[in-house]
Engineer: 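Have a look at this one before I ask anything.
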Amino acid sequence: MEELANCSRCKGLFVKGSSAVCTACLKQEEQDFQTVYTFLRKKQNRTATVEQIEERTGVSEWQVRQFLKQKRLHPAHFPNIRYGCEKCGSPIKENRLCPECKHSIQKGMEAQERKKSIESRKEEREREKGIRTYYSW
């Protein structure tokens with residue numbers, strides 16, 4: 001059975017498929033992409049920043065950043081296009097996190113793993129203590 005949902009952009013009701021937006025918003029998104037892509041294909045515009053793209057095409061900065069995150073636009077081809085890290089907001093060209101945030105998250109995960117390892121060794125020692133059997137004659 002098909003599921004009804006509200007469009008994440010216009011809040012209109014639509015039958016949910018593979019997209020989180022209705023067909024009208026999906027068409028608008030595709031038109032926006034074509035506008036941005038056509039703009040960036042011109043040699044003189046390849047070094048444009050996200051802010052300049054928004055100013056010259058009328059496509060919102062948020063939408064341009066979404067195209068980058070969805071990898072529809074490749075920052076390797078356009079050297080000045082950057083978007084914000086999802087944790088701290090610093091400008092990045094790829095992935096979802098900047099190297100500093102990625103490193104801090106990895107350190108936190110390693111610390112958590114060490115803590116779990118220490119706790120499991122303590123629990124194992126306590127179980128071993130309980131298993132010992134003493135006989136008296």
Side-chain angles (χ1 to χ4, degrees):
M1 183 167 184
E2 295 177 352
E3 184 179 339
L4 290 178
N6 284 35
C7 176
S8 60
R9 292 177 136 209
C10 70
K11 307 297 181 214
L13 195 61
F14 74 106
V15 177
K16 189 173 183 177
S18 61
S19 177
V21 295
C22 65
T23 55
C25 290
L26 195 59
K27 283 180 186 177
Q28 181 61 48
E29 186 178 304
E30 190 56 35
Q31 286 177 347
D32 289 347
F33 175 75
Q34 291 302 323
T35 302
V36 169
Y37 189 70
T38 302
F39 172 78
L40 288 172
R41 284 185 54 192
K42 294 180 183 172
K43 189 173 183 176
Q44 70 269 21
N45 297 332
R46 289 192 182 146
T47 58
T49 63
V50 174
E51 292 80 14
Q52 291 169 334
I53 294 168
E54 177 184 30
E55 182 181 305
R56 294 182 187 160
T57 63
V59 176
S60 73
E61 182 178 334
W62 179 86
Q63 186 61 60
V64 174
R65 292 182 193 279
Q66 290 297 78
F67 295 147
L68 288 164
K69 287 180 182 180
Q70 295 167 353
K71 300 198 185 283
R72 292 181 76 183
L73 292 175
H74 300 282
H77 300 133
F78 312 109
N80 293 335
I81 293 183
R82 298 193 183 334
Y83 54 93
C85 166
E86 290 185 9
K87 186 174 180 201
C88 70
S90 64
I92 55 175
K93 289 182 98 171
E94 61 184 358
N95 301 324
R96 295 172 65 183
L97 300 170
C98 66
E100 293 82 18
C101 291
K102 191 182 294 185
H103 181 70
S104 72
I105 289 173
Q106 286 174 339
K107 284 183 94 175
M109 289 175 62
E110 289 169 2
Q112 191 68 24
E113 287 297 319
R114 283 192 301 271
K115 184 178 175 183
K116 282 183 181 179
S117 176
I118 291 169
E119 288 175 359
S120 67
R121 278 188 257 143
K122 280 183 182 178
E123 288 175 4
E124 191 175 314
R125 275 188 249 132
E126 288 178 12
R127 267 188 270 131
E128 286 176 358
K129 286 179 184 178
I131 293 175
R132 292 185 185 150
T133 306
Y134 295 97
Y135 296 99
S136 67
W137 298 88

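Numbering starts at 1 and runs along the sequence shown.
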Engineer: Taking the side chain as everything from C-beta on, heavy atoms only, tell me whether K87 gets closer than 4.5 Å to S104.
Structural biologist: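 Yes. Closest side-chain heavy atoms under 4.5 Å.
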Engineer: Working to the nearest 0.5 Å, report the span between CD of Q34 and CZ of F39.
Structural biologist: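 Answer for the CD-CZ pair, Q34 versus F39, is 15.0 Å.
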Engineer: Answer whether the closest heavy-atom distance between the side chains of Y37 and L73 falls below 4.5 Å.
Structural biologist: yes
Engineer: I need the minimum non-hydrogen distance between C7 and C10, along with the two atoms involved.
Structural biologist: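 Answer, listing the atom of C7 first, then C10: SG-N, 3.5 Å.
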Engineer: If you compare all heavy atoms of S19 against all heavy atoms of L26, which two are closest, and at what distance to 0.1 Å?
Structural biologist: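 The pair with the smallest heavy-atom distance is OG-CD1, 3.8 Å.
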Engineer: What is the distance from atom CD of Q66 to atom NZ of K69, rounded to the nearest 0.5 Å?
Structural biologist: 5.5 Å
Engineer: How many angstroms lie between atom CD of E86 and atom SG of C101, to the nearest 0.5 angstrom?
Structural biologist: 10.5 Å
Engineer: For K93 and P79, which heavy atoms make the closest approach, and how far apart are they?
Structural biologist: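 Reported closest heavy-atom pair: NZ-O, 3.4 Å.
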Engineer: Any chance you could measure I53, atom CD1, to T35, atom OG1, to the nearest 0.5 Å?
Structural biologist: 12.0 Å
Engineer: Taking salt bridge (Lys or Arg N to Asp or Glu O under 4.0 Å) as the test, write out the residues that go with R65, two or more places apart.
Structural biologist: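 Listed in chain order: E51, E61.
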Engineer: For V36 versus F67, what's the shortest heavy-atom pair and its separation?
Structural biologist: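 Scanning both residues, the minimum pair turns out to be CG2-CE1, 4.4 Å.
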Engineer: For R72, enumerate each residue passing the salt bridge (Lys or Arg N to Asp or Glu O under 4.0 Å) test, keeping only those at least two apart in sequence or located in another chain.
Structural biologist: E29, E30
Engineer: Do M109 and L97 sit in one hydrophobic cluster, given that two such residues count as connected whenever their side-chain heavy atoms are within less than 4.5 Å of each other, even indirectly?
Structural biologist: yes
Engineer: Looking only at non-hydrogen atoms, find the nearest pair between R82 and L68 and report the distance.
Structural biologist: O-CD1, 4.3 Å
Engineer: Within a reach of under 6.0 Å around NZ of K27, are more than 12 heavy atoms found that belong to other residues, nucleotides or ligands?
Structural biologist: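 No - once you tally the heavy atoms of other residues, nucleotides and ligands closer than 6.0 Å, there are 12 at most.
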Engineer: Return the OG to CG distance between S60 and D32, rounded to the nearest 0.5 Å.
Structural biologist: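 Between atom OG of S60 and atom CG of D32 there are 7.0 Å.
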Engineer: Find out whether I81 and T49 are in side-chain contact, i.e. whether some heavy atom of one side chain is under 4.5 Å from a heavy atom of the other.
Structural biologist: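 A side-chain contact under 4.5 Å is absent here.
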Engineer: So does R41 get a backbone contact from the side chain of R46, meaning a donor-acceptor N/O pair under 3.5 Å?
Structural biologist: yes
Engineer: Considering non-hydrogen atoms only, spot the tightest contact between N6 and K11 and give its length.
Structural biologist: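 Looking at all heavy atoms of both residues, the shortest contact is ND2-O, 3.5 Å.
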Engineer: Calculate, to the nearest 0.5 Å, the distance between atoms CD and SG belonging to E100 and C88 respectively.
Structural biologist: 7.0 Å
Engineer: I'd like to know if the side chain of N80 and the backbone of T47 have a donor-acceptor N/O pair within less than 3.5 Å.
Structural biologist: yes
Engineer: Transitively linked via ILVMFWY side-chain contacts under 4.5 Å: L13 with V15?
Structural biologist: yes
